[in-house]
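This report refers to the structure that appears directly beneath it.
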Amino acid sequence: MTPPRSPLASPIRWVPTLYFVQGMQFFVVMLIAGLMFKNMGVANDQIARWTGLLGLAWAIKPLWSPFLELARSKKLIVVAMQFTGAAGLALMALALQLPMWFAASIAVLFVLAYASATHDIACDGLYMASLDARQQAAYAGWQGAFFNASKFLTLGGLLVLAGQLERSMGVMNAWSVIFALLAVLLALLAAYNAYALPGTLNTGHAELTAASVWRTLREVIADFLSKPGIWLMVLFIVLFRFAEGQVQTIGPLFLIEARDKGGLGLSTEQVGGVYGTVGTAAFLVGSILGGYFTSWLSLKRAMPILIIAMAVPNVTFYYLSLTLPQDMFHVGAAIAVEMMGYGFGFVGMILYIMQVVAPGKFQTAHYALGSGVMQLGFIFSKTISGDIQLAMGYQSFFLWTIACGAPALLLLLFVKIPAARAAAPVEPGAAEPVATR
């Protein structure tokens, strides 16, 4: 695809809005929905189970991504999915006013999840097709920055606003207003992107057929499964995220849970403030430091430290469950430590998939498959986390998650990581899209 010769052809005119939308749709489904349900009285096991199933969309998207090449334009898919997302957010506002609001909202969130996952595929494809290698590198920082800027909006802005509205108009009405505002914002951004994105809505494409795409997909999967030691790689990926999926699901719910039930009893506004500001900033700092640390030491030597860093959130929440601090400075400092450790350690999994799992004939496709396996492992641990927490209580649950990190560290004795391949520095924010998508 050749970018058009127009005043809007400069990537700075469309890369920020494109990736802001990508992040906004993802965080609404995977972060905001769970916190909203918690305030509406939904049990932790139900929240974990349903949000885990919603996350399946990002895990299996490599299965239909090749077929999107049959479309006449990646821009067409991007714009269509953005308007679909806007309509879904508007429906979400209405669903919360129905008697069967939970079932209706889950149905709408499924539509939003699969529209967002499809948008991700076309979004990244448009980025790569419209920019040369030099431009892709130059604007990677903008891409990560605006993806994470949407996290500031959803957690640091809208969650705080929701907390204020809950006090004046009730939980259901407050969240209906939030989703209505999100729908308007996304519709405006979709309209702008329809105008500003490179290419036209009917750009031509290579002569592909569904049969040829299906043959290629089968070849890609067969080649992936034939890699030496692939099942050990898959097991390591799953175990690397086994504790993370549990603590990242239950941790925010623990912050909102009433103190007489073992939680910290924070308000929606307080949780949004601490995660949307100090939490997100700490994650970015941790990601940057983890990338440069791994680049300096090499992935093979850095991996044990990165795995230990992934246990920092588990230890932090165990500490919070023991001490139950009441001052926000204390809580904010703990969340900063949690998110910095998370960002620092997760770099290891990104680079492991990139440097150990993906190399070969179908490197890009195998990276997508490796990321899908990673997400499936995350979803499995996320889905069972609510049942485990309800059976154990918060203190024992967070202690359990610390133990869940040990198998990945032990398996590292058997996992082969090339010693000579140095890890490249990770762009700010690069860890977040892969980590949760």
Any heavy-atom pair between the side chains of [Y] and [X] that's under 4.5 Å?
X      : Y      : answer
Phe37  : Gln46  : no
Leu376 : Leu56  : yes
Tyr342 : Val312 : no
Val356 : Lys300 : no
Phe146 : Thr17  : no
Leu255 : Gln270 : no
Asp120 : Gln25  : no
Val78  : Asn193 : no

Exercise for the section: Begin with the C-alpha distance, continue with both residues' side-chain angles, and end with the deciding distance and a verdict on side chain to side chain contact (heavy atoms under 4.5 Å, CB included) for Asp45 and Arg49. Expected result: CA-CA 6 Å; Asp45 57 342; Arg49 192 173 299 125; 4.0 Å; yes
Could you tell me how the ring of [X] sits relative to the ring of [Y]: parallel (under 30°), tilted (30 to 60°) or perpendicular (over 60°)?
X      : Y      : result
Phe236 : Phe240 : perpendicular
Phe242 : Phe380 : parallel
Phe317 : Phe398 : parallel

Closest heavy-atom contact between [X] and [Y]?
X      : Y      : value
Met30  : Thr51  : CE-O, 3.9 Å
Gln375 : Ala59  : CG-CB, 3.4 Å
Ala243 : Cys404 : CB-CB, 3.8 Å
Ala282 : Ala336 : CB-O, 3.3 Å
Ala90  : Ala183 : N-CB, 3.6 Å
Ile77  : Ala122 : CG2-CB, 3.6 Å

Side chain [X], main chain [Y], donor-acceptor under 3.5 Å:
X      : Y      : value
Ser116 : Ala113 : no
Thr84  : Leu112 : no
Thr268 : Gly163 : no
Lys227 : Pro359 : yes
Lys61  : Ile121 : no
Ser105 : Phe102 : yes
Ser295 : Gly291 : no
Ser168 : Leu165 : yes

Rounded to the nearest 0.5 Å, what separation is found between the [atom1] atom of [X] and the [atom2] atom of [Y]?
X      : Y      : atom1 : atom2 : result
Leu253 : Asn44  : CG    : CG    : 5.0 Å
Thr294 : Leu289 : OG1   : CG    : 10.5 Å
Thr249 : Ile47  : OG1   : CD1   : 10.0 Å
Tyr352 : Leu306 : OH    : CG    : 13.5 Å
Leu158 : Leu182 : CG    : CG    : 5.0 Å
Leu369 : Ile221 : CG    : CD1   : 6.0 Å

Exercise for the section: Using the ring-ring contact (aromatic ring centres under 6.0 Å, His included) rule, take Phe26 and Trp58 through it: C-alpha gap first, then chi angles, then the decisive distance, then the call. Expected result: CA-CA 9 Å; Phe26 174 78; Trp58 286 274; 5.1 Å; yes
Handout entry: Residue among Thr277, Thr316, Val274 satisfying side chain to side chain contact (heavy atoms under 4.5 Å, CB included) with Ile335
Key = Val274
Practice task
Apply side chain to side chain contact (heavy atoms under 4.5 Å, CB included) to the pair Thr280 and Met339, showing each step before the final yes or no.
Solution key: CA-CA 7 Å; Thr280 303; Met339 293 301 287; over 6 Å; no
Exercise for the section: Before giving the answer on side chain to side chain donor-acceptor pair (under 3.5 Å), spell out for Gln82 and His119 the whole-Å C-alpha distance, their side-chain angles and the decisive distance to 0.1 Å. Expected result: CA-CA 7 Å; Gln82 289 185 3; His119 174 271; 3.0 Å; yes
Practice task
Show the numbers, then the answer: is there a side chain to side chain contact (heavy atoms under 4.5 Å, CB included) between Leu159 and Met36?
Solution key: CA-CA 9 Å; Leu159 203 59; Met36 176 190 71; over 6 Å; no
Practice task
Take Gln248 and Lys382 through the test side chain to side chain contact (heavy atoms under 4.5 Å, CB included) and record every step on the way to the result.
Solution key: CA-CA 8 Å; Gln248 292 300 323; Lys382 180 183 180 72; over 6 Å; no
Handout entry: Neighbour count >12 (heavy atoms, 6.0 Å) for atom CH2, Trp64
Key =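 Count over threshold, so yes.
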Problem - Check: Phe27 ring centroid to Phe147 ring centroid under 6.0 Å - result: yes
